Amino acid sequence: MAGTTPQPTSRTRSWWGWGWTDAQPDDAECAAMGALLPGTLSRPLPVPRVRDLHIASPAAQPPRSLAHLVGDDPEDRAAHAMGKAYRDVVRALRGRPGRIPDLVARPADEREVADLLDWAGDRQIAVVPYGGGSSVTGGVEYRGDAHRAVVSLDLTRMGRVLEVDVEGRAARIQAGTLGPSLEDQLRPHGLTLRHFPQSFEFSTLGGWLATRAGGHYATGRTHIDDFVQAMRVVTPAGTSSSWRLPASGAGPSPDRLFLGSEGALGIITEAWVRLQERPRHKASAAVAFADFHDALRAVRALAQSDLSPANCRLLDAGEAALSGAARDGCAVLVLGFESADEPVTARLERAVGLARAHGGRSGGSAVPQEAGAATDGSPAGDAAVGAWRAAFLRMPYLRDGLARMGAVAETFETAATWDRIPGLIEAVRTEVGAAALKATGHPATVNCRLTHVYPDGAAPYFTVLAAGRPGDEVALWDDLKAVAGEVLHRHRATITHHHAVGRDHRPGYDRQRPEPFALALRAAKGALDPAGILNPGVLVD
């Protein structure tokens, strides 16, 4: 049973910044935000225009047989030059987007993907896979000059749910399917993938698979890995097609080779993914803590219980104030539960009681949703929960507004075991804050929230707000990110929990991975991509 054909939207995506052009902060809002951060510009940088960029003529042209798949429109090429990290936004604002792809290819099926790879391999043309373009780690751009030309491979024409197995609760979905379209096509069947990263609106299934993306939910199935049943991947050496199985112990998993490979080993074209019934019952609440360490202990107890909250986000005092969840110096724990078949209010009340036992105080009564309520991936709740959710969705746009004011406004995430979490958070706050003060002469804000929690550890997510160095914002952020990377390495915390490695995290990744694994990865790269055309510089050289 197949899904419906997705319908295009009439809104326009920003070529240089996050999301929709009509949702970007205007000049007045940018200036108001900048006024709250000492050391920023007196007026916002102008919105960049493609016509102000130097875009060279394409260094390659496709053969006639592929010409209908490939375009060289300047704005389209500029929009595919980078992802959506702070450093990408600033480079666009400063008119320095880096290497702009020569061509943008949009295949409609697997055969066309293979034909494009054959042509590119013969001509030594780099191919950079581009899902929704929401990478924040330099994963969709080309750096260097080792290839004569660069093609951005945009898979969004491959955006259909091809088959739905309602009885087995699984679906075969093309890799270029954007999050909203994926859920729209599953909704008539009463099913959901239930994977909602912050980039949900602007990212694809293939991008989630290629980056091992984490979703909105804090416990249980937190990463896209947990949903994969089978995958098809086109490589220059042939197509890999794994069997659709509930589980298998037959040697190393072929899917695990390509999950997180970021397009360096092959192009993911489709996958069978596990689904579940759409939630009908939801409830949420917020709990405040005067002491952040009490809150950490409460979250650990929740993660080690059998309650399995859908949302278990701990905001430190700074993050709570920034989102509007609380402005009294307290940390806030945002809790949410959901179920397809039974009310969840009792589970929420148990969780709130456990939090109170660790020093928390309830920020409001548990708020249930009626059975049959629609789901968008975010549990509903009281004022604090609503304020947090609104800020969560709006934050990338505000970051772009602060970037226009010359400020540093960026995030990074990690994960570590519980015994390291308190020291890790304190070290990041102290050392990144000190580095920003030394570099700019102005105090920085370094906030933290826990986005995902596990019985054995958690994923801290840091927000850095600092005055910039006009014209030198990228170098400043790279310096601060390097300081953060050293802290993570010292505390044996991962360089990334769910944002992927890309090019920005390569130094940390190279230090984290075992050398025998690096040797095997290089061998796999050489065997599957002998011409070295697939996303050069990602994961392995």
Side-chain angles (χ1 to χ4, degrees), residues 1-4 161 163-173 179-197 200 205 208 214-229 244-247 271-287 299 301-313 333-355 362 364-382 385-386 389 451-455:
M1 194 186 311
T4 58
V161 174
E163 191 174 350
V164 178
D165 175 3
V166 175
E167 187 175 75
R169 294 204 307 191
R172 182 166 67 97
I173 304 175
S181 176
L182 184 154
E183 288 295 329
D184 286 345
Q185 293 179 71
L186 294 177
R187 188 169 287 107
H189 305 284
L191 297 171
T192 175
L193 178 60
R194 195 182 179 267
H195 183 78
F196 299 96
F200 171 75
L205 173 65
W208 303 340
H216 170 84
Y217 293 97
T219 66
R221 291 177 175 174
T222 60
H223 277 71
I224 193 66
D225 313 33
D226 304 318
F227 299 92
V228 174
Q229 207 175 51
R244 182 191 170 201
L245 296 166
W272 273 97
V273 292
R274 298 178 177 92
L275 307 175
Q276 47 202 298
E277 294 181 31
R278 302 188 73 81
R280 300 175 63 245
H281 305 272
K282 297 183 181 183
S284 62
V287 182
V299 170
L302 283 163
Q304 293 174 348
S305 74
D306 63 352
L307 292 171
S308 299
N311 200 2
C312 188
R313 301 242 172 171
L333 173 59
V334 179
L335 288 169
F337 288 83
E338 62 179 42
S339 172
D341 56 11
E342 63 179 7
V344 294
T345 305
R347 286 165 58 198
L348 177 62
E349 289 174 347
R350 284 177 57 199
V352 170
L354 193 156
S362 178
S365 59
V367 180
Q369 272 188 244
E370 295 296 325
T375 176
D376 62 359
S378 300
D382 60 15
V385 178
R389 180 179 182 274
T451 59
H452 301 75
V453 295
Y454 307 95

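Worth saying up front: this structure is predicted, and the values here are computed from it rather than measured.
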Quiz item: Can D165 and R244 be said to form a side chain to side chain contact (heavy atoms under 4.5 Å, CB included), step by step?
Solution: CA-CA 12 Å; D165 175 3; R244 182 191 170 201; 2.7 Å; yes
Quick one, L193 with L182, criterion side chain to side chain contact (heavy atoms under 4.5 Å, CB included). Give me CA distance, side-chain angles, the key distance, then yes/no. CA-CA 8 Å; L193 178 60; L182 184 154; 3.9 Å; yes
Side chain to side chain contact (heavy atoms under 4.5 Å, CB included) evaluation trace for F227 with Q276 | CA-CA 10 Å; F227 299 92; Q276 47 202 298; 3.8 Å; yes
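Annotation: the span from L348 atom CG to L335 atom CG amounts to 6.5 Å, rounded to 0.5 Å. The distance from the OG1 atom of T192 to the CZ atom of R187 is 8.0 Å, given to the nearest 0.5 Å. Separation of atoms CD1 (I173) and CG (L275) is listed at 6.0 Å; rounding is to 0.5 Å. Note that the CG atom of L245 and the CH2 atom of W272 stand 12.5 Å from one another [nearest 0.5 Å]. One distance of note links NZ of K282 with OG1 of T345; it measures 13.5 Å at 0.5 Å rounding.
Taking the six-membered ring for Trp and thresholds of 30 and 60 degrees, H223 and H452 have ring planes inclined between 30 and 60 degrees apart. Note: F200 and W208 have parallel aromatic rings, judged against thresholds of 30 and 60 degrees for the angle between ring planes.
Residues G220 and D226 come closest through the heavy atom pair O-OD2, 4.3 Å. Scanning all heavy atoms of the two residues, the minimum distance from C312 to A218 falls at N-CB, 3.3 Å. The minimum heavy-atom distance between G214 and P197, with the atom names listed, is O-CB, 3.4 Å. The heavy-atom pair separating S339 from V344 by the smallest distance is CB-CG1, 3.5 Å.
Contacts of S308 classified as side chain to side chain donor-acceptor pair (under 3.5 Å), with partners at least two apart in sequence or in another chain: none. Shown here are the side chain to side chain donor-acceptor pair (under 3.5 Å) partners of R169, two or more places apart in sequence or in another chain: there are none. For R347, there are no side chain to side chain donor-acceptor pair (under 3.5 Å) partners at least two apart in sequence or on another chain. Residues passing the side chain to side chain contact (heavy atoms under 4.5 Å, CB included) test with A346, sequence neighbours excluded: none. Among residues two or more places apart in sequence or in another chain, the side chain to side chain contact (heavy atoms under 4.5 Å, CB included) test is passed with A355 by V287, F289, L333. When the side chain to side chain donor-acceptor pair (under 3.5 Å) test is applied to T222, the partners found at least two apart in sequence or on another chain are Y454.
S181 and Q185 share a side-chain donor-acceptor pair at under 3.5 Å. No side-chain donor from either of Q229 and R274 sits under 3.5 Å from a side-chain acceptor of the other.
Here the side chain of E277 pairs no donor or acceptor atom with the backbone of G190 at under 3.5 angstrom.
Put simply, the side chain of D306 reaches to within 4.5 Å of the side chain of R350, judged on heavy atoms.
For the side chain to side chain donor-acceptor pair (under 3.5 Å) with E338, the lone residue among R278, R280, R194, H281 that qualifies is R194.
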